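Accompanying notes for the structure given below.
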Protein chains: 2
Amino acid sequence: MASIPDLLFKALADPTRRALFERLCLDGEATVGALTAGAGISQPAVSKHLGILKQAGLVRDRHEGRQTHYSAQQRALAPLVDWTGRMNRFWEARFDDLEDLLKRMDQ
Amino acid sequence: MASIPDLLFKALADPTRRALFERLCLDGEATVGALTAGAGISQPAVSKHLGILKQAGLVRDRHEGRQTHYSAQQRALAPLVDWTGRMNRFWEARFDDLEDLLKRMDQ
DNA sequence: ATTTCTCATAACCACCGAGTTATGAATGTG
DNA sequence: CACATTCATAACTCGGTGGTTATGAGAAAT
């Protein structure tokens with residue numbers, strides 16, 4: 001019973017995988033061959049990484065002829081953003097209070 | 001040469017470690033003993049996890065007598081927020097454009 | 001039909017990492 | 001001083017994971 005944030009964090013914990021995702025985010029769609037050329041590892045390794053990214057929902061694949069095009073699904077990052085938000089809320093609130101205090105002291 | 005995002009993602013990839021960090025974020029400071037009572041693992045395991053969180057900057061320790069108090073350093077999440085922001089910028093921009101369009105259509 | 005190209009899967013290996021128990025260091029308590 | 005408590009470190013085990021090579025499946029080209 002792996003939670004969604006768990007899948008996301010685990011998928012993005014590997015630097016090679018993060019690099020693949022970053023490239024797809026910034027440069028858009030790419031084939032496995034193109035991605036393999038960029039990464040410094042073998043094609044099967046890249047395919048496995050893409051499989052893990054796909055399982056985490058971070059990536060979509062589209063088959064066209066004999067090649068597979070992968071693209072980033074940035075929306076999948078939403079739970080990550082939510083999580084960091086929840087972890088930050090409290091000290092942010094405290095920080096806001098401090099700001100308010102300083103603002104009031106300024107008057 | 002592990003980058004900062006790498007340290008953060010790796011530190012938060014483990015569910016036990018994330019649970020420890022979450023508890024420290026929500027409930028504030030706690031001793032190793034208290035954290036060990038909550039987690040379902042041995043005290044040395046908890047200490048090791050806290051060490052990794054500390055190395056990632058996510059946690060601070062304060063020695064008081066013979067016990068060590070740990071507290072969350074939520075600011076350390078900043079690089080994570082930045083990273084997700086960079087990965088999101090493009091489709092967010094597109095989303096903003098869409099919002100603008102809808103807003104203009106509404107008038 | 002045969003060959004070539006692109007990708008995915010299988011099988012295997014080496015290492016890392018999360019857990020354990022044992023022990024030591026430091027601080028409080030009798 | 002002797003003992004107990006709290007935490008960190010050491011040494012070890014074991015499963016998961018990232019890499020490899022080998023191979024197969026499917027689509028295009030000749």
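A, B, ... follow the sequence lines: proteins, then strands. Residue 1 opens every chain. Small disclaimer: the values here were computed from a predicted structure and weren't measured.
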Protein-nucleotide distance (A:His63, atom NE2; C:dC5, atom C1'), rounded to Å = 16 Å
For A:Phe9 and C:dG17, give me the distance from atom CZ to atom C1', rounded to whole Å.
-> 18 Å
Residue that, paired with B:His49, satisfies side chain to side chain contact (heavy atoms under 4.5 Å, CB included) out of B:Leu35, B:Thr16, B:Val59 = B:Thr16
Solution key, residues 6-13 of chain A side-chain donor-acceptor pairs under 3.5 Å, sequence neighbours excluded:
residue	atom	partner	partner atom	Å
A:Asp6	OD1	A:Lys10	NZ	3.4
A:Asp6	OD1	B:Arg18	NH2	3.3
A:Asp6	OD2	A:Lys10	NZ	3.3

Does the side chain of A:Leu50 reach to within under 4.5 Å of the side chain of A:Val32, using non-hydrogen atoms?
-> yes
Counting only non-hydrogen atoms, which of residues 35-51 of chain A are less than 4.0 Å from DNA chain D?
-> A:Ile41, A:Ser42, A:Pro44, A:Ala45, A:Lys48, A:His49
Judged by nearest nucleotide, the residue sitting upstream toward the 5' end of DNA chain C, A:Asp61 or B:Lys10, is A:Asp61
Separation between CE of A:Met87 and CG of B:Leu58, rounded to the nearest 0.5 Å = 11.5 Å
Whole-Å distance separating the CG atom of A:Leu20 from the P atom of D:dG18 | 12 Å
For B:Asp6 and C:dG17, give me the distance from atom CG to atom C1', rounded to whole Å.
-> 14 Å
Would you say C:dG17 has OP1 or OP2 under 4.0 Å from some side-chain N or O of B:Arg17?
-> no
Starting from C1' on D:dT17, measure out to CG on A:Leu7 and report it in whole angstrom.
-> 15 Å
In this structure, are over 12 heavy atoms from other groups packed under 6.0 Å from B:Arg23 atom CZ?
-> yes
Between the base of D:dT6 and the side chain of B:Arg66, is there a donor-acceptor distance below 3.5 Å?
-> no
Most 5' of B:Gly33 and A:Glu64 on DNA chain D, judged by nearest nucleotide | B:Gly33
Does atom CD of A:Glu29 have more than 12 heavy-atom neighbours, drawn from other residues, nucleotides or ligands, at distances under 6.0 Å?
-> yes
Is it true that A:Leu24 and A:Ile41 fall in one hydrophobic cluster, defined by side-chain heavy atoms closer than 4.5 Å?
-> yes
Give the rounded distance in Å between these two atoms: CG of B:Leu12 and P of C:dG17.
-> 15 Å
Rounded to whole Å, the CZ-C1' distance (B:Arg62 to D:dT6) equals 15 Å
Is the shortest side-chain N/O distance from A:Tyr70 to OP1 or OP2 of C:dA8 below 4.0 Å?
-> yes
OP1, OP2 of D:dG19 versus side-chain N and O of A:Thr16: anything below 4.0 Å?
-> yes
Which of these nucleotides, C:dA18, D:dC7, D:dG18, is closest to any side-chain atom of A:Asp14?
-> D:dG18
